[in-house]
Amino acid sequence: MISIEEALKIVNEQDIERTVKEVSLEDAQGFWLAEEITSPFDLPSFDNSAMDGYAVSGISDEYEIVGEIPAGSTADHTLQPGEAMRIFTGAKVPQNTTAVVMQEKTSVEDNTLYVDEAISKGQHIRPRGKELALDQTVFTAGHFISPATVGLIGSLGKSRVQVYKKPEIRIISTGDELVPPGSPKSEGEIYESNSFALSAALDRYGFSCEESKHIKDSFSAIKGGIADFLDHSDVLLLSGGISVGDYDYVKQALEENGVSELFYKVFQKPGKPLYFGRRDDTFVFALPGNPASSLTCFYIHVLPLLQKLSGAANTGLQRVRIPIDHNYDYRSDRPVFLKASIEGQTVSILNRQSSSMIHSMAMGNALAFLDGPQTVQKGDMVECIVI
């Protein structure tokens with residue numbers, strides 16, 4: 001059995017080969033950049049008005065209005081002292097412009113503009129290059145493409161970008177006791193939910209499950225199912241059958257399919273019987289069958305690998321330190337990820353912490369981490385993983 005830190009180190013230090021592909025800007029959101037993006041021009045590329053109003057030359061309280069400049073106009077204009085031009089947000093300001101006066105602070109009679117506020121030089125003008133300079137590095141490879149990233153890349157005139165291809169992921173759930181949701185079940189059977197939860201978790205963080213199947217507790221069936229998915233996957237996730245019961249065949253089936261064990265069992269709660277292995281360029285996680293254990297292992301151990309394979313510069317979920325809003329006594333010797341809820345500026349440890357119970361995880365939004373037995377007092381800072 002290894003520590004959480006050792007397990008994460010093994011995952012993070014895996015040698016991988018990433019594949020780069022080109023996508024349209026419309027399809028880029030959710031990928032990680034595989035190229036450096038530099039600005040091909042100053043942004044903005046010309047001095048422009050920050051609002052609707054009047055471009056004025058000189059500082060005065062009245063000006064002669066000599067024209068109008070709509071947004072998008074490419075014409076060059078020059079103001080003489082004492083002159084003003086009507087201007088709209090984003091329009092290029094004329095030469096010799098002292099400031100832009102917002103229209104709410106003005107009045108007009110015939111062709112004379114009257115200004116109702118003191119003018120300061122440069123007010124309401126967005127100068128050329130204020131946001132980005134020519135050849136400035138905007139993004140480096142490994143940057144996550146958010147909606148704002150898409151917007152900025154588009155503003156630089158790029159319609160296509162190089163990104164890292166995401167891994168192909170497949171899921172196998174195992175167990176004689178499991179039946180699919182929507183089917184009748186008998187006494188002693190339970191509905192299979194882990195594959196749905198894992199698929200949803202993949203989707204939540206920008207990945208997808210290419211294929212999922214359930215296999216009964218038969219060694220030959222599990223071995224065959226693993227063999228089929230290994231040949232077509234970058235990452236294979238298995239749920240259940242990895243403990244030490246008489247019908248837990250997954251570990252042996254992986255070995256007989258040529259998967260090399262990288263670690264098995266992690267000193268943590270929940271999720272101790274976690275397996276991580278590799279065959280060539282395909283990675284395998286065998287997750288515990290208990291629902292809370294399965295998702296916890298996904299959040300802590302699986303997701304960083306998926307992000308690494310996808311080119312992420314930074315992996316793992318956001319961690320914050322936040323005060324707990326009640327006393328909590330923890331007595332197990334293993335480090336623990338507790339289902340929790342962050343509300344406002346504090347965190348609460350929820351009830352129903354058993355690894356078989358997913359209700360509290362569904363009601364929460366965080367995992368509170370305690371590194372061993374301890375009594376936490378109300379107001380103490382607790383490390384939380386935001387999920």
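These figures come from a predicted structure and were not determined experimentally. All values below were derived from every heavy atom in this structure, side-chain atoms included, with hydrogens, water molecules and symmetry-related copies excluded.
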Chemist: Closer than 3.5 angstrom, by distance alone: can the side chain of E255 be matched with the main-chain N or O of Q252 as a donor-acceptor pair?
Modeler: no
Chemist: Ring centroids only, cut at 6.0 angstrom: are W32 and Y164 within range, meaning strictly under it?
Modeler: no
Chemist: Hey, are D76 and K92 close enough for a salt bridge, meaning a charged N less than 4.0 Å from a carboxylate O?
Modeler: yes
Chemist: Between the side chain of Q29 and the main-chain N/O of E26, is any donor-acceptor distance below 3.5 Å?
Modeler: no
Chemist: Does this structure show an ion pair linking D228 with K213, if we count only N-O contacts that are shorter than 4.0 Å?
Modeler: yes
Chemist: Considering only NZ, NE, NH1 and NH2 on the basic side and carboxylate oxygens on the acidic side, decide whether D231 and R279 come within less than 4.0 Å.
Modeler: yes
Chemist: Do you know which two heavy atoms are closest between V347 and C384, and how far apart they sit?
Modeler: CG2-SG, 3.8 Å
Chemist: Taking the cut-offs as 6.0 angstrom to the six-membered ring centre and 45 degrees off its axis, would you call K251 and Y264 a cation-pi pair?
Modeler: yes
Chemist: For F88, is the NZ or CZ atom of R86 found under 6.0 angstrom from the centre of its six-membered ring and inside 45 degrees of the ring axis?
Modeler: yes
Chemist: Walk me through it: do R170 and E210 pass the test salt bridge (charged side-chain N to carboxylate O under 4.0 Å, His left out)?
Modeler: CA-CA 6 Å; R170 287 176 172 78; E210 299 293 330; 5.2 Å; no
Chemist: Determine the minimum heavy-atom distance between I300 and R319, stating which atoms define it.
Modeler: CD1-NH2, 4.4 Å
Chemist: Please report the interatomic distance CG(L198) to CG(L287), rounded to the nearest 0.5 Å.
Modeler: 6.0 Å
Chemist: Any ion pair linking D116 and K105 (charged N to carboxylate O, less than 4.0 Å)?
Modeler: no
Chemist: Over all heavy atoms of both residues, which pair between I125 and P127 is shortest? Give the atoms and the distance, please.
Modeler: O-CD, 3.2 Å
Chemist: Closest approach of I4 and F267, non-hydrogen atoms and distance?
Modeler: CG1-O, 3.9 Å
Chemist: Do H77 and Q95 come within less than 4.5 Å of each other through their side chains, counting heavy atoms only?
Modeler: no
Chemist: We want to know whether S45 and D42 form a side-chain donor-acceptor pair, criterion being a heavy-atom distance below 3.5 angstrom.
Modeler: no
Chemist: Check whether any side-chain N or O of Y54 sits under 3.5 Å from a backbone N or O of V115 as a donor-acceptor pair, and report yes or no.
Modeler: no
Chemist: Quick one: do R331 and D329 make a salt bridge, cutoff under 4.0 Å?
Modeler: yes
